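In what follows, a structure is listed as structure tokens, so that the remarks can point back to it.
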Amino acid sequence: MDNPTDLEIIESVKKGNISDFSLIIDRYKNRSFTLLKRLLKNPSEAEEVLQDCFLKAFNGLNTFRQDASFSTWFYRIVYNTALSKLSLKKRKIENEMTDISQRFDLKSSYDFNETEKKDFSEFLNELIEKLPENYATVINFYYINEMSCEEIAEVMGTSVSNVKVLLYRSRNMLKDIILKNNYKKELF
Amino acid sequence: MNKLSDEILNKLIDGELPLDEVKEVMKILNESSEDNDRYQTLLKLHGELKNLKEETTSDSFTYSVMKRIHAKYQVRRSDKFFIFSIGSIFVLLILGLIGYVVSSSVTSGQSSTGKLVVKSLVNFTQTFVEFSTTLFSKSALPVVGSIISAVMLGIAYFFYENLHHMKQKLSKLGSN
């Protein structure tokens, strides 16, 4: 098999070829790590949590229903583990969508001048990390993991329309910061 | 003043507006520089977000996870072996009991047919019964009970030690 599918790999692992699980790890580690790093804001902690997620997935392979996609199932593990970790750290998890001005004053929490020498994508990454957790999650799933709104809704346990609202709001939030702080020239 | 809402601009970017609405929105965008400015910023931002690159884990990440998985798999296997051993002991005990019951019934109600077939079985079971009777007699019962208790305590101790050892091994691997 040149490029086995997720299901083929899982079947092989279930048959006892445990080493094949490394293919799954290599396939999903970076995208999941990006999400965890954004949510937990700590690379080493993100990596530690990701290891636990892969262990959870390995232990739960027998409970994985093959009619669903493995990626959705695995990202749900990652997302839920991140949320548990965040709640353990007694951090505020956002479940409701309210106005930007009430929630986050991103302008005061970030100054582009401090990092003028960085390129814009790096700046954008740091801005996303400052977004509320569910906003950053949607941005990450949509743009990095290239998931559809339906898949994101399944992972986050919410409706497709809610995912779209979250996506629009996160984009608008970023756009507002760019416009209000005259970062347009860096963008264009 | 903005003529177009952020929602409409987002829908336009995602291609979720019907064609007739798109024409209308494009017309407004041509007329309103403010709306066009917002749209262009959103569009550019959308492009930048699409170009974002994923972060990478450390080089040894896959190796570390696989090491933990292999260790856990070993623990599972040794647990299975342990449970199988304990199970075998119980199965042997149950077989012994069944043998005792069978021998009792055979010795009490032998028919004329099949005497030869059961003769050897009778001899074997009679020996077993005699042994069991001696073993579980009133005088020997406290000694046998103590031995069984000691064996059970020994098994429990080794099982606990085994689990403790494996836990330590796993936490070491985890910290690596």
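Sequence lines set the chain letters: A, B, ... in the order given, protein chains first and strands last, and positions in each chain run from 1. Please read all numbers here as calculations on a predicted model, not as lab measurements.
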So which of A:Phe33, A:Phe21, A:Tyr168 has the largest heavy-atom pair count under 4.5 angstrom toward chain B? A:Tyr168

Between B:Lys50, B:Glu7, B:His46, which shows the greatest number of heavy-atom pairs under 4.5 Å with chain A? B:His46

If you count heavy-atom pairs within less than 4.5 Å of chain B, which of A:Ile139, A:Asn59, A:Asn140 leads? A:Asn59

Contact class of A:Ile128 relative to chain B, heavy atoms under 4.5 angstrom: side chain

Students often mix this up, so state it plainly: with edges at 30° and 60°, are the rings of A:Phe74 and A:Tyr28 parallel, tilted or perpendicular? tilted

Between A:Asn30 and B:Thr56, does any side-chain donor sit less than 3.5 Å from a side-chain acceptor? no

Under 4.5 Å to a heavy atom of chain A? For B:His70 that would be side chain

Indicate whether the side chain of A:Thr81 and that of A:Ser84 have a donor and an acceptor atom separated by less than 3.5 Å. no

Is A:Ser32 close to chain B through its backbone or its side chain, or both, or neither, when contacts mean heavy atoms under 4.5 Å? neither

Let me know if B:Lys53 has heavy atoms under 4.5 Å from chain A in its side chain, its backbone, both or neither. backbone

Distance alone, cut at 3.5 Å: any donor-acceptor contact between the side chains of B:Asp35 and B:Ser32? yes

Under a 4.5 Å heavy-atom cut-off, does chain A meet the side chain of B:Asp14, its backbone, both or neither? side chain

Any chance the side chains of B:Glu48 and A:Ser121 put a donor and an acceptor closer than 3.5 Å? no

Heavy-atom distances under 4.5 Å only: say whether A:Ile18 touches chain B with side chain, backbone, both or neither. both

Apply the side chain to side chain donor-acceptor pair (under 3.5 Å) test between B:Asn10 and each candidate in A:Arg171, A:Lys175, A:Lys164; give the one that qualifies. A:Arg171

Chain A contact via B:Leu9 - which portion, at a heavy-atom distance below 4.5 Å: neither

Atom OG1 in B:Thr62, atom CD1 in A:Ile25: separation rounded to 0.5 Å? 5.5 Å

